Amino acid sequence: MSATANVCVVIPAAGLGERLGLNQPKAFVEINNWSLLSLTIKRVLEIERVGHLIIAVPAEFKTPALDHIDRALRDANKKIPFDVVSGGVTRTESVKNSLLALDQLDSFVLVHDAARPFVPQSVFDDVIAKLDSGSKVVIPVIPVADTIKTVNEKSEVLNTLDRTQLRAVQTPQGFAREVLSEIYATANLQPTTDDAGLAELAGINVSTVAGAVESFKITTPFDLEMATNFMNRK
Ligand code: CTP
Ligand code: MG
């Protein structure tokens with residue numbers, strides 16, 4: 001694949017943000033007057049190769065989403081085609097709905113959570129470079145800092161996993177378009193917590209690149225506080 005292959009970014013932004021507990025979909029929660037959705041789109045627009053966006057939001061947020069997208073495009077002074085689709089009950093369904101808006105020109109598809117607005121550009125670049133070099137599925141990972149144990153239903157420890165072999169998985173997860181379309185079309189769509197999980201189930205090789213601590217996912221009120229501090233640093 002040439003190093004000019006068109007990149008489409010799918011942004012699942014249709015989650016309800018239940019763990020954040022603010023009674024609104026998480027992507028529309030704001031930090032310093034910017035929604036997580038706008039912040040994430042702004043970051044994505046910094047990547048030169050991105051030529052198409054597909055954004056999944058809760059059905060009743062399709063119209064308000066347009067303002068958040070427009071604001072990010074204006075701030076980045078960019079004009080690229082985008083589609084807004086209705087999300088599903090699970091993230092897997094939201095991504096599946098998004099894939100219906102893919103274009104033949106989209107050679108690579110990067111799926112990136114709206115809840116990770118601070119992912120460094122270098123992670124996008126590394127994922128795209130690995131796809132350029134022929135990998136079909138690429139995910140950013142970071143080493144695990146905590147010791148991880150498995151427990152039974154009574155929360156009693158069963159065993160300790162070998163931390164040197166464990167990685168925490170982030171987004172953007174990159175795919176050759178045909179591979180992503182195929183795994184979503186053929187898998188019987190067990191909801192997975194990431195997209196590469198479906199590739200693994202289909203027996204497709206998954207490559208990794210170094211993720212980044214800045215790519216943390218905003219999940220809990222503490223994460224939102226951390227994100228606010230991070231944005232206001234210096
Ligand atoms: N997502 C989605 N559609 C869903 C569920 C999640 O598009 N049905 C998106 C979220 O908007 C988020 C990303 O997938 O950008 C990661 O999901 P998560 O952090 O779990 O977000 P929420 O589902 O919103 O949070 P919670 O699980 O606490 O409700
Ligand atoms: Mg969720």
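A quick note: this is a predicted structure, and the numbers were derived from the prediction, not measured. Just follow the structure's listing: the first ligand is 1, and inside any ligand the first atom is 1.
- Using a 4.5 Å cut-off between side-chain heavy atoms of Ile, Leu, Val, Met, Phe, Trp and Tyr, Val151 falls into a hydrophobic cluster with Val157.
- Set against the non-hydrogen atoms of Val89, the atoms of ligand 1 under 4.0 Å away are 8 (N).
- Here the protein heavy atom with the shortest distance to atom 20 (O) of ligand 1 is Arg19 NH2, 2.9 Å.
- Using a 4.0 Å cut-off to heavy atoms of Ala114, the atoms of ligand 1 that qualify are 15 (O).
- At least one heavy atom of Ala13 sits less than 4.0 Å from an atom of ligand 1.
- The distance from ligand 1 to the heavy atoms of Ala115 drops below 4.0 Å at these ligand atoms: 15 (O).
- Side chain to side chain, Ser135 and Lys130 fail the donor-acceptor criterion of an N or O pair below 3.5 Å.
- Which parts of ligand 1 touch Thr90 is read off a 4.0 Å heavy-atom cut-off, strictly below it: atoms 3 (N), 4 (C), 8 (N).
- The shortest contact between atom 12 (C) of ligand 1 and any protein heavy atom is with Pro12 O, 3.7 Å.
- For ligand 1, the atoms closer than 4.0 angstrom to any heavy atom of Ser94 are 2 (C), 3 (N), 4 (C), 7 (O), 8 (N).
- Between the side chains of Asp125 and Ser122, not a single donor N or O lies within less than 3.5 Å of an accepting N or O.
- From the protein, the heavy atom lying nearest to atom 7 (O) of ligand 1 is Ala14 N, 2.9 Å.
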